[in-house]
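Dumping the structure here so I can ask a few things about it.
Along the sequence shown, residues are numbered consecutively beginning with 1.
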Amino acid sequence: MAKSKLEYIWLDGYKPTQSLRSKTKIEGDFSGKLEDCPMWSFDGSSTEQAEGGSSDCLLKPVFICPDPQRKNGYLVMCEVLNADGTPHVTNGRATIQDDDNDFWFGFEQEYFLWDMAIDKPLGFPAEGFPKRPQGPYYCSVGAQNAYGRNIVEEHLDACLEAGLNVEGINAEVATGQWEFQIFAKGAKDAGDQIWVARYLLERIGEKYNVSINWHCKPLGDTDWNGSGMHANFSNTTLRTAGSKEVYDKICSGFGRTPEIIKACIDVYGADNHLRLTGKHETQSIDQFSFGVSDRGASIRIPIATVERGWKGWLEDRRPNSAADPYKVAAVIIKTVKAADVLETA
């Protein structure tokens with residue numbers, strides 16, 4: 001009987017930023033289909049998700065793809081449920097209100113490859129900073145500017161072999177900083193794919209003794225870029241609007257009240273005040289703005305959207321690299337739907 005390795009992946013309960021966890025389940029004669037992945041459980045008392053006296057949490061499989069690095073392997077993304085089958089409080093995926101997959105998301109995931117020996121990005125000297133300031137590293141080529149390409153290329157191949165919809169990669173502005181982009185129709189699928197891609201990157205880093213630094217400003221208050229996870233999004237309204245007024249109303253909806261702005265910032269990643277300073281292509285965290293082609297705005301209206309007659313998408317530039325894509329998608333959907341109601345009222 002053939003045996004398959006199913007790697008069950010979930011998010012723990014650590015605050016303010018959840019971490020990935022996983023464990024392997026061996027299944028005989030497994031079909032490779034999501035519906036044939038059994039429910040499983042884990043010790044929530046070891047992941048900040050339960051008390052020791054009642055520690056069982058459930059793993060509900062929600063996404064499956066081939067594991068490109070294991071023979072007869074699969075990667076199984078899971079939601080965490082309470083013992084009674086209700087969504088755990090740490091389950092951001094369960095908050096997404098996009099049952100018909102009308103919302104499409106393209107996440108731009110930035111990160112740093114981190115040299116654990118010196119606690120700095122790859123390419124940094126042990127003391128001080130690189131001789132060249134940031135800039136030459138963006139989309140760079142050559143050993144003097146591009147660091148960790150072997151890891152990045154291996155990750156790209158792994159994602160593609162897993163069937164993830166990666167749309168591109170590039171070196172970013174700072175030394176040792178990179179980005180990959182994933183697009184999906186449906187917020188849950190987009191979040192699933194980002195988390196599985198993050199998992200693969202973390203696991204590949206183990207082989208090279210290089211960690212992945214998801215923090216939005218790992219180099220602190222310096223003239224080095226932070227890391228974001230820009231959220232490009234659309235729904236039928238945005239894809240078919242044909243009207244600047246509709247776009248203005250939806251964008252304005254994100255800044256309509258301080259409560260709405262806070263609801264977004266609350267799930268856009270920890271320590272975002274360190275990144276959203278008004279510098280390095282960001283808007284200040286205490287301000288809200290939107291504009292065409294404006295990378296210094298909270299929300300950018302891509303020029304392609306305008307050129308298509310105001311039919312396209314928007315980019316929220318505020319989510320940071322450590323944000324949970326499930327929670328980011330959920331708040332964007334809620335805000336756009338509220339603005340849609342205002343538009344049609």
Side-chain angles (χ1 to χ4, degrees), residues 16-20 105-116 118-124 129-130 133-140 145-149 151-152 155-156 159 166-182 190-191 193-195 197-202 204-205 210-232 264-285 295-300 315-329:
T17 303
Q18 291 173 274
S19 303
L20 285 161
F105 281 86
F107 287 111
E108 303 174 37
Q109 177 67 69
E110 295 177 342
Y111 60 92
F112 277 88
L113 296 175
W114 207 258
D115 186 339
M116 294 191 296
I118 61 172
D119 196 27
K120 290 183 178 181
L122 285 189
F124 266 60
F129 295 94
Q134 69 176 22
Y137 313 102
Y138 174 70
C139 296
S140 61
N145 290 325
Y147 300 92
R149 189 182 297 277
I151 298 173
V152 173
H155 176 247
L156 176 59
C159 287
V166 178
E167 295 213 320
I169 61 170
N170 59 269
E172 265 302 332
V173 176
T175 311
Q177 187 185 36
W178 293 81
E179 174 186 301
F180 63 85
Q181 306 97 33
I182 283 182
Q193 293 198 45
I194 283 288
W195 277 116
R198 286 180 178 181
Y199 174 83
L200 284 169
L201 187 56
E202 291 271 14
I204 290 168
V210 170
S211 67
I212 313 303
N213 195 319
W214 305 105
H215 192 273
C216 66
K217 195 71 173 176
L219 293 168
D221 187 16
T222 63
D223 195 27
W224 293 87
N225 268 30
S227 296
M229 187 184 66
H230 303 152
N232 298 274
C264 291
I265 293 298
D266 282 350
V267 297
Y268 281 3
D271 297 328
N272 222 2
H273 63 288
L274 301 176
R275 169 178 162 264
L276 298 180
T277 61
K279 301 177 182 178
H280 307 120
E281 299 182 316
T282 69
Q283 176 57 281
S284 297
I285 196 169
R295 283 180 165 77
S298 308
I299 294 181
R300 178 177 71 95
E315 178 195 35
D316 193 330
R317 296 182 58 79
R318 296 171 295 171
N320 77 36
S321 48
D324 179 351
Y326 295 141
K327 295 176 182 177
V328 172

- Just jot down the side-chain hydrogen bond (donor to acceptor under 3.5 Å, both in side chains) partners of Gln181, sequence neighbours excluded, or say none.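 side-chain hydrogen bond (donor to acceptor under 3.5 Å, both in side chains) list for Gln181, sorted by chain: Asn170, Glu179.
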
- Item | Heavy-atom side-chain contact between Leu200 and His155 under 4.5 Å |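 Counting from C-beta outward, Leu200 and His155 do come under 4.5 Å.
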
- Answer yes or no: is there a donor N or O on one side and an acceptor on the other, between the side chain of Glu202 and the main chain of Ser211, under 3.5 Å?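 Judged by distance alone, no pair lies under 3.5 Å.
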
- With sequence neighbours excluded, tell me which residues meet side-chain hydrogen bond (donor to acceptor under 3.5 Å, both in side chains) with Tyr268.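 Counting only residues at least two positions away or on another chain, Tyr268 forms a side-chain hydrogen bond (donor to acceptor under 3.5 Å, both in side chains) with Asp316.
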
- Message: Under a plain distance cut-off of 3.5 Å, with no hydrogens placed, do Asn225 and Gln134 share a side-chain donor-acceptor pair?
- Response: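 Distance-only check passes for Gln134 and Asn225.
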
- Task: Verify side chain to side chain contact (heavy atoms under 4.5 Å, CB included) between Thr222 and Phe129, making sure each step is shown before the conclusion.
- Result: CA-CA 10 Å; Thr222 63; Phe129 295 94; 4.2 Å; yes

- Message: Looking at every heavy atom in both Leu274 and His215, which two are closest together, and how far apart are they?
- Response: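 Looking at all heavy atoms of both residues, the shortest contact is CD1-CE1, 4.1 Å.
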
- At their closest point, which heavy atom of Asn213 faces which heavy atom of Pro218, and how far apart are they?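 Where Asn213 meets Pro218 most closely, the heavy atoms are ND2-CB, 3.6 Å.
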
- Have Gln177 and Ser227 got a donor and an acceptor in their side chains that come within less than 3.5 Å?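 There is such a pair (donor and acceptor under 3.5 Å, judged by atom type) between the side chains of Gln177 and Ser227.
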
- Could you check Gln18 against Asp324 for side chain to side chain contact (heavy atoms under 4.5 Å, CB included), going step by step and ending with a plain yes or no? CA-CA 8 Å; Gln18 291 173 274; Asp324 179 351; 3.8 Å; yes

- Task: Any chance you could measure Ile151, atom CD1, to Leu156, atom CG, to the nearest 0.5 Å?
- Result: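 Going from CD1 on Ile151 over to CG on Leu156, the span is 14.0 Å.
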
- State the CD-CD1 distance between Glu315 and Ile299, to the nearest 0.5 angstrom.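 Answer rounded to 0.5 Å: 9.5 Å.
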
- Minimal non-hydrogen separation, Pro130 against Tyr137, with atom names: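 Smallest heavy-atom distance, with atoms named: CB-OH, 3.6 Å.
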
- Task: Check whether any side-chain heavy atom of Asn232 sits under 4.5 Å from a side-chain heavy atom of Glu108, and report yes or no.
- Result: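 Asn232 reaches Glu108 side chain to side chain.
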
- Query: Phe107 and His230: aromatic ring centres closer than 6.0 Å?
  - Reply: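 Not close enough - the centres of the two rings lie 6.0 Å or further apart.
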
- Interatomic spacing from CZ in Phe180 to CD1 in Ile194 - rounded to 0.5 Å: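 If I round to the nearest 0.5 Å, the distance is 4.5 Å.
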
- Message: Which heavy atom of Ala323 sits nearest to which heavy atom of Gly269, and what is that distance?
- Response: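 Where Ala323 meets Gly269 most closely, the heavy atoms are CB-N, 3.9 Å.
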
- Query: Can the ring centroids of Phe124 and Trp114 be said to lie less than 6.0 angstrom from one another?
  - Reply: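 Phe124 vs Trp114: aromatic centres not under 6.0 Å.
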
- Message: Parallel, tilted or perpendicular: which one describes the rings of Tyr111 and Trp214, with boundaries at 30° and 60°?
- Response: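 Ring orientation of Tyr111 relative to Trp214: tilted.
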
- Item | Over all atoms of both residues, closest heavy-atom pair of Phe105 and Ala190 |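 In this case the closest contact between Phe105 and Ala190 is CB-CB, 3.8 Å.
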
- Item | Separation between OG of Ser284 and NE2 of His273, rounded to the nearest 0.5 Å |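 Reported value, rounded in 0.5 Å steps: 13.0 Å.
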
- Quick one: are Leu276 and Ile265 in side-chain contact, heavy atoms under 4.5 Å?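 Counting from C-beta outward, Leu276 and Ile265 do come under 4.5 Å.
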
- Is it true that a side-chain atom of Asn320 and a backbone atom of Arg275 form a donor plus acceptor pair closer than 3.5 Å?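 Judged by distance alone, no pair lies under 3.5 Å.
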
- Query: Taking the side chain as C-beta and beyond, is there a heavy-atom pair between Leu219 and Pro121 under 4.5 Å?
  - Reply: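 Yes, their side chains come closer than 4.5 Å.
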
- So, do Val152 and Leu113 sit near enough that their side-chain heavy atoms are less than 4.5 Å apart?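 Contact flag for Val152/Leu113 side chains = yes.
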
- Looking only at heavy atoms, which two atoms of Pro133 and Pro136 are closest? And how far apart?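 Looks like O-CD, 3.1 Å.
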
- Query: Rounded to the nearest 0.5 Å, how far apart are CE of Met229 and CD of Glu110?
  - Reply: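 Reported to 0.5 Å precision, the distance equals 11.0 Å.
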
- Please tell me if the side chains of Arg318 and Gln283 come closer than 4.5 Å, counting only heavy atoms from C-beta onward.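 No - every pair of side-chain heavy atoms lies 4.5 Å or more apart.
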
- Query: From Ile169 CD1 over to Cys139 SG, what is the distance, rounded to the nearest 0.5 angstrom?
  - Reply: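 Rounded to the nearest 0.5 Å, the CD1-SG separation comes to 10.0 Å.
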
- Query: Side-chain contact, heavy-atom cut-off 4.5 Å: Phe112 with Leu122?
  - Reply: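 No; the side chains remain at least 4.5 Å from each other.
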
- Message: Any side-chain to backbone donor/acceptor pair from Trp195 onto Tyr326? Under 3.5 Å, distance only.
- Response: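 Looks like no, no N/O pair under 3.5 Å.
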
